[in-house]
Amino acid sequence: MAGRSTLIFRAERAVDERVGSSSFLRRNVRKVFPEQWSFLLGEIALYSFVTLVLTGVFLTMFFKPSEHEVVYTGNYPQLRGTSMSEAYASTVHLSFDIRGGLLVRQIHHWAALLFVAAICVHLMRIFFTGAFRKPREINWVIGTTLFALAVAEGFGGYSLPDDLLSGTGLRIFEGILLSIPVVGTYLTFFVFGGEFPGDQFIPRLFTVHVLLIPGILIALIGAHLMLIWHQKHTQWPGPKRTERNVVGSPTFPQFLTHTLAFFLYVLGALALLGAWAQINPIWLYGPYRPDVVSSGSQPDWYVGFLEGSLRIMPRLAFSFAGHSVALNVLVPAVILPLVFFTLIGLYPFFERWVTGDDRPHHLCDRPRNVPTRTALGVAAIVWYGNLWAAGGNDVIAEVFKVRLEYTTWFFRVGFFVLPVVAFVVTRRLCLWLQRSDAEALHEGVESGTLKRLPSGEYVEVHDRPQPEKALVTRTVHPGELVRPIPDHVIPLPTPGRVLAQVRARLNHAYVHYTAEMPTPDERRELEDR
């Protein structure tokens with residue numbers, strides 16, 4: 001036993017002399033992480049990605065990325081004797097002939113869905129709490145890029161088996177490439193190696209799916225985690241929590257134990273889904289044929305909004321220099337997602353420009369205390385949800401027995417109307433919640449106890465809120481950030497004056513459009529706690 005301890009000590013000292021590990025561990029082993037359930041959303045995304053890598057290595061050993069045509073002779077009787085690509089045949093073989101192959105395939109697919117969903121919800125948590133503000137703007141851009149890459153990676157993995165459903169998605173992808181002016185035809189021939197479906201797309205997509213995009217994802221996730229480690233984690237307002245400290249558990253042993261246990265929970269949940277919830281049964285769809293399309297085809301949820309935007313887009317085309325230019329596909333499938341992801345990535349810089357707030361922030365906002373930002377986020381979610389639902393307008397029409405044209409026009413109108421309604425309702429709801437908090441602070445909370453006054457009147461006794469609750473619910477509105485609206489003597493619409501007016505009015509919408517401003521004494525009292 002003593003010899004083993006001496007051996008471990010000598011090995012530790014040898015490593016420390018070469019890489020200086022002990023000084024690094026002394027600095028970081030006691031680093032504090034706050035504890036709050038919403039912070040686990042990022043960990044779900046991380047552990048889903050780890051599961052994807054582990055299961056993907058197994059699947060790579062048996063998948064054959066080839067479009068060479070073969071005749072299936074495997075154990076699935078309904079497809080025996082059918083001509084298909086090697087990619088499809090190897091996937092069916094993996095599902096029915098390899099021990100545990102179908103389980104790993106389904107875990108991999110469920111992990112992909114959870115990975116994209118966790119990133120999406122994690123970004124929403126960061127947005128609604130203002131955790132993207134200085135100094136975390138770069139991490140927000142990294143997160144947005146991870147979201148876009150995760151969608152692309154999911155679509156790539158979904159398309160590799162070369163079944164009828166994924167082949168239909170690739171047909172749509174080809175149409176999107178062709179819609180790009182001037183270079184669309186060249187891009188299509190380069191990607192597919194000739195006329196669709198070609199014979200080189202699956203091998204190229206396989207390389208991109210297992211090497212290129214995962215390598216970029218690993219690099220970005222590493223950069224994301226290093227920035228979090230360096231900048232320290234955000235935290236919710238509470239007792240003894242300020243912009244200059246972090247209250248929580250140390251990295252070792254508490255946080256490390258918790259996060260390892262949570263990884264096992266995520267892995268276990270994915271294993272249960274893979275074992276009991278069937279997903280993507282490609283043997284039921286059959287191999288891809290360009291002249292066949294299955295009824296009611298639906299993609300994975302994360303590309304559903306693109307499907308919906310294509311379905312509700314009206315005819316839009318014009319002639320230019322003797323050429324017919326069609327925008328029916330270019331606008332909904334190329335321009336719209338590019339604008340969507342660009343606006344998401346640039347939002348922190350837009351808000352900082354509007355509010356003029358250049359201070360570092362380490363405390364999260366309550367969404368109700370920033371009504372305009374919260375309303376914008378809800379409007380974006382409703383806009384996305386409308387497009388997502390529009391991707392199944394044919395299924396909705398069939399289930400509810402209404403005409404397809406009615407569902408199409410409903411989602412077309414909803415594209416413009418529903419986000420506006422969501423914005424107005426959410427902003428007013430945030431103000432109502434703020435005023436409810438202010439009433440609880442000043443009048444107390446209901447106790448359920450009735451008191452009889454000497455006059456015989458019965459009144460309810462109100463208790464003072466707990467100090468922790470009072471600290472969280474009290475709203476601090478930074479009045480010093482409110483910009484005056486310019487009052488020009490001669491209101492000429494010059495670019496500088498128009499920009500100043502727009503910025504000032506947006507500033508009022510963000511900063512001044514709130515509930516009652518606290519007095520300076522109340523603000524000092526809150527900051528001194």
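Worth knowing before you read on, the calculation uses all heavy atoms, side chains too, and leaves out hydrogens, waters and symmetry mates.
In this structure, H108 and H209 have perpendicular ring planes: the angle between them is above 60°, well past the 30° mark. The aromatic rings of F340 and W383 sit tilted relative to each other, their planes meeting at an angle between 30° and 60°. Ring planes of H122 and H224: perpendicular class, angle over 60° (limits at 30 and 60°). Using cut-offs of 30° and 60° for the angle between ring planes, the F132 and Y347 rings count as perpendicular.
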Next on the checklist: Assess the residue pair W283 and Y88 against the criterion (ring pair (Phe, Tyr, Trp, His ring centres under 6.0 Å)); give the C-alpha distance rounded to whole Å, side-chain angles, the decisive distance to 0.1 Å, and a yes or no.
Outcome noted: CA-CA 9 Å; W283 53 90; Y88 183 78; 9.5 Å; no
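Counting only heavy atoms from C-beta outward, the side chains of I335 and L330 approach each other to under 4.5 Å.
The two residues T185 and L178 make their nearest non-hydrogen contact at CA-CD2, 4.1 Å. Residue T168 comes nearest to Y288 through the heavy atom pair N-CE1, 3.8 Å, listed as atom of the first residue, atom of the second, then distance.
Applying the side chain to side chain donor-acceptor pair (under 3.5 Å) test to R171 and every residue at least two apart in sequence or in another chain returns E174. Remark: D300 pairs with no residue by the salt bridge (Lys or Arg N to Asp or Glu O under 4.0 Å) rule, at least two apart or across chains. In terms of the side chain to side chain donor-acceptor pair (under 3.5 Å) criterion, residue partners of W236 (sequence neighbours excluded) are, by chain and number, Q36. Taking the ring pair (Phe, Tyr, Trp, His ring centres under 6.0 Å) definition, one finds that F192 meets it with F196, F201, sequence neighbours left out. The salt bridge (Lys or Arg N to Asp or Glu O under 4.0 Å) check on E351 picks up R373, with sequence neighbours excluded. For F206, the ring pair (Phe, Tyr, Trp, His ring centres under 6.0 Å) criterion is met by F63, not counting sequence neighbours. Residues satisfying the ring pair (Phe, Tyr, Trp, His ring centres under 6.0 Å) test with F341, not counting sequence neighbours, are F147. Residues forming a salt bridge (Lys or Arg N to Asp or Glu O under 4.0 Å) with R311 (at least two apart in sequence, or on another chain): E307, D394. Taking R289 as the reference, D291 meet the salt bridge (Lys or Arg N to Asp or Glu O under 4.0 Å) condition, with sequence neighbours excluded. Residues meeting the ring pair (Phe, Tyr, Trp, His ring centres under 6.0 Å) test with Y384, sequence neighbours left out: F305.
Identified under the side chain to side chain donor-acceptor pair (under 3.5 Å) test for residues 56-74, with sequence neighbours left out: S66-E86.
Atoms CZ and CH2, on R133 and W140 in that order, are 12.5 Å from each other to the nearest 0.5 Å. Considering CG of L170 and CG of L165, their distance stands at 10.0 Å, rounded to 0.5 Å. Separating the CG atom in L114 from the CD1 atom in I119 is a distance of 10.0 Å, to the nearest 0.5 Å. One distance of note links CZ of R412 with CD of E405; it measures 9.5 Å at 0.5 Å rounding. Rounding to the nearest 0.5 Å places OG1 of T144 at 9.0 Å from CG of L346.
For Y302 (side chain) and G154 (main-chain N/O), a donor-acceptor pair under 3.5 Å exists by modelled atom type. Judged by distance alone, with hydrogens and angles left aside, the side-chain atoms of T374 form a donor-acceptor pair with the main-chain N or O of P367 at under 3.5 Å. Checking side-chain atoms of W388 against main-chain N and O of W301 turns up a donor-acceptor pair under 3.5 Å. A donor-acceptor pair under 3.5 Å is formed between the side chain of T55 and the backbone N or O of L52. Within the 3.5 Å criterion, the main-chain N or O of H361 finds a donor-acceptor partner in the side chain of R136. Side-chain atoms of D163 never come within 3.5 Å of backbone atoms of G286 as a donor-acceptor pair (strictly under, hydrogens ignored).
Around the CZ atom of F190, the shell of radius 6.0 Å holds no more than 12 heavy atoms that belong to other residues, nucleotides or ligands. Atom OH of Y406 is surrounded by 12 or fewer heavy atoms from other residues, nucleotides or ligands within 6.0 Å. At most 12 non-hydrogen atoms from other residues, nucleotides or ligands lie less than 6.0 angstrom from OH of Y186. Within 6.0 Å of atom CD in E398, 12 or fewer heavy atoms from other residues, nucleotides or ligands are found, so the atom counts as exposed in its surroundings.
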Identify each donor-acceptor pair in which a side-chain atom of residues 256-281 lies under 3.5 Å from a protein atom, sequence neighbours left out, and give them as a table.
unit_1	atom_1	unit_2	atom_2	d
T257	OG1	P253	O	2.6
T259	OG1	E43	OE1	2.9
T259	OG1	Y47	OH	2.2

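For the side chain to side chain contact (heavy atoms under 4.5 Å, CB included) criterion with V399, the lone passing option out of V395, V402, I396 is V395.
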